[in-house]
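Keep in mind the model is a prediction, meaning the values are calculated, not measured. Count residues from 1 along the sequence.
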Amino acid sequence: MAKFNYFSYKEKRVEKFSGRELEDLVFDLIHAFAIVKDPTAAALLVQDLLTEKEVYNLAKRLRIAKLLLSDTKQDDITKELHCSFGTVVKVRQWLTQAGQGLTHVIRRLPKRREAYRPKRIPGVGYGLPQILYTAASAGLAYKEKAQLAALIG
């Protein structure tokens, strides 16, 4: 019985996959993201699939695209996000050449929840609905912030 040489084993590179195998890989990836329906499940999937640096780089590219679509100047983007001018140009090229998917996603992104802060402290002069809305808003903002901190941490 021959010994197995672990050092001679090489992983199959992407270039060596057949067209059918590449289609299967991409099919699985796309449907893995399509299955996810809520932000918590999406965060867990991203955490399991990507390294910390990959998440950081993708998040930065998404923010660059978001700022470019809101007509922010490239110089302002490089200063705000501490990225190179080349990165901004690359994302701009993606958006102009084939950015329909990215544009669609960015336009549908929700705004982060901020705790509702009334001009006056709830109490005298406020009804119960206003007090409940203030408490619920603060709770949702706190929960969202805690989930993001847990993902980042």
* Does L102 reach the side chain of L62, with side-chain heavy atoms less than 4.5 Å apart? -> yes
* Asked: Does any non-hydrogen side-chain atom of L49 lie less than 4.5 Å from one of L29?
  ->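 The answer is yes, as the side chains (C-beta and beyond) meet within the 4.5 Å cut-off.
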* Structure fact -> Here the pair of heavy atoms bringing S70 nearest to L67 is OG-O, 2.9 Å
* **Heavy-atom closest pair, residues A65 and I106** => CB-CD1, 3.3 Å
* To do: Only counting residues at least two apart or in another chain, list the ones meeting side chain to side chain contact (heavy atoms under 4.5 Å, CB included) with D71.
  => none
Can you list the residues that meet the side chain to side chain donor-acceptor pair (under 3.5 Å) rule with [X], with sequence neighbours excluded?
X: E54; result: T51
X: T78; result: none
X: T103; result: none
X: K60; result: Y56

* To do: Examine L109 and I77 and state if one hydrophobic cluster contains both, with Ile, Leu, Val, Met, Phe, Trp and Tyr joined whenever side-chain heavy atoms are less than 4.5 Å apart.
  =>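 Yes, L109 connects to I77 through the hydrophobic network.
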* Establish whether V55 and V36 are linked, either directly or via other cluster members, by ILVMFWY side-chain heavy-atom contacts under 4.5 Å. =>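 Linked, V55 and V36 end up in one cluster.
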* Structure fact -> To the nearest 0.5 Å, atom CD of E80 lies from atom CG of D75 at 12.5 Å
* To do: Kindly indicate, with the supporting measurements, whether the criterion side chain to side chain contact (heavy atoms under 4.5 Å, CB included) is fulfilled by V89 and R92.
  => CA-CA 5 Å; V89 170; R92 181 180 289 283; 5.5 Å; no
* To do: Sort and list the pairs that fulfil ring pair (Phe, Tyr, Trp, His ring centres under 6.0 Å) and have at least one residue in residues 20-43, not counting sequence neighbours.
  => F27-H31
